[in-house]
> 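Handing you this structure, nothing more for now.
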Amino acid sequence: QVQLVESGGGLVQAGGSLGLSCAASGSIFSINAMGWYRQPPGKQRELVARITNGGSTNYADSVKGRFTISRDNAKNTVYLQMNSLKPEDTAVYYCNGWGPPKLGHPYEYNYWGQGTQVTVSS
């Protein structure tokens, strides 16, 4: 199994910055991409940013130009640098690890961290 542990959440004022970190351990060979999702209060979970093992990235429109996802393959860690934060960014942020079905395993791999709270005050 894969374990994902997030860190770096907290309280920040609007316009400020915050960095999140997610460390992966276990059977990490199954992971082809890692990303960040978030769940604002009273809303459904949504994709924030994603990065593949090859370095390709994609972002939600709401965070483009403000957030940057990166990874350190040697440390099996993915980061999310959040700048120009807005109150609308307030949410629980979840680290995600994903991989496609492989030979001998007919299902996709999908792993989740426990979440870290990010609160942006106005």
> Side chains of Leu4 and Tyr94: closer than 4.5 Å at any heavy-atom pair?
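No, their side chains stay 4.5 Å or more apart.
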> Below 4.0 angstrom, N of the basic side chain to O of the carboxylate: do Asp89 and Lys86 qualify?
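Looking at Asp89 and Lys86, the cut-off is not met.
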> Restricting to non-hydrogen atoms, name the atom on Gln81 and the atom on Ser17 that form the minimum distance, rounded to 0.1 Å.
NE2-CB, 3.9 Å
> Let me see the working for Met82 and Trp36 under side-chain contact (heavy atoms from CB on, under 4.5 Å), right down to the final yes or no.
CA-CA 11 Å; Met82 304 183 292; Trp36 292 93; over 6 Å; no
> Is any side-chain heavy atom of Gln117 closer than 4.5 Å to one of Leu11?
no
> Do the non-hydrogen side-chain atoms of Glu88 and Ser62 ever get within less than 4.5 Å of each other?
no
> Is there side-chain contact between Arg38 and Val63, with heavy atoms separated by less than 4.5 Å?
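Yes - at least one pair of side-chain heavy atoms lies under 4.5 Å apart.
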> Would you give the length of the straight line joining atom CE of Met34 to atom CZ of Arg50, rounded to the nearest 0.5 angstrom?
12.0 Å
> Any side-chain heavy-atom pair from Glu108 and Pro100 closer than 4.5 angstrom?
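Answer no - side chains too far apart.
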> Please step through side-chain contact (heavy atoms from CB on, under 4.5 Å) for the pair Leu18 and Val120, ending with a clear verdict.
CA-CA 10 Å; Leu18 201 63; Val120 184; over 6 Å; no
> Determine the minimum heavy-atom distance between Ile51 and Ser70, stating which atoms define it.
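Closest approach of Ile51 to Ser70: CD1-CA, 4.1 Å.
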> Answer whether the closest heavy-atom distance between the side chains of Arg45 and Val92 falls below 4.5 Å.
no
> Does a side-chain heavy-atom distance below 4.5 Å link Tyr111 with Ser30?
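Counting from C-beta outward, Tyr111 and Ser30 do come under 4.5 Å.
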> Side-chain heavy atoms under 4.5 angstrom apart, residues restricted to Ile, Leu, Val, Met, Phe, Trp, Tyr: same cluster for Ile31 and Tyr109?
yes
> Which atom names give the shortest non-hydrogen contact between Ala14 and Pro87, and what distance separates them?
CB-CD, 4.1 Å
> Hydrophobic cluster membership, with links at side-chain heavy-atom distances under 4.5 Å among I/L/V/M/F/W/Y: are Tyr79 and Leu85 in one?
no
> Given Asn110 and Asn96, is the side chain to side chain donor-acceptor pair (under 3.5 Å) satisfied, shown in steps?
CA-CA 7 Å; Asn110 205 20; Asn96 169 256; 2.7 Å; yes
> Would you say CD of Gln13 has more than 12 non-hydrogen atoms from neighbouring residues, nucleotides or ligands within 6.0 angstrom?
no
> For Gly9 and Leu20, work out which heavy atoms get closest and say how close.
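Residues Gly9 and Leu20, closest heavy atoms: N-CD2, 3.6 Å.
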> Just by modelled atom types, is the Ala33 backbone N or O under 3.5 Å from a matching donor or acceptor in the Thr52 side chain?
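Pair absent, no side-chain N/O of Thr52 close to backbone of Ala33.
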> What class does the angle between the rings of Tyr107 and His105 fall in, given that below 30° is parallel, 30 to 60° is tilted and above 60° is perpendicular?
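The arrangement is perpendicular - the two ring planes meet at more than 60°.
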> Hey, mind stepping through Gln114 and Glu6 against side-chain contact (heavy atoms from CB on, under 4.5 Å) and telling me if it holds?
CA-CA 7 Å; Gln114 82 287 351; Glu6 304 102 331; 2.7 Å; yes
> Hey, could you give me the CG/CD distance between Asn76 and Gln3, rounded to the nearest 0.5 Å?
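The distance works out to 13.0 Å.
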> Step by step, work out the side-chain contact (heavy atoms from CB on, under 4.5 Å) result for Asn32 and Lys102.
CA-CA 11 Å; Asn32 290 106; Lys102 295 180 171 61; 3.4 Å; yes
> Would you confirm whether Tyr59, through its side chain, and Ile69, through its main-chain N or O, come within 3.5 Å as a donor-acceptor pair?
yes
> Tell me whether the rings of Phe67 and Tyr93 are parallel (<30°), tilted (30 to 60°) or perpendicular (>60°).
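Phe67 vs Tyr93 ring planes: tilted.
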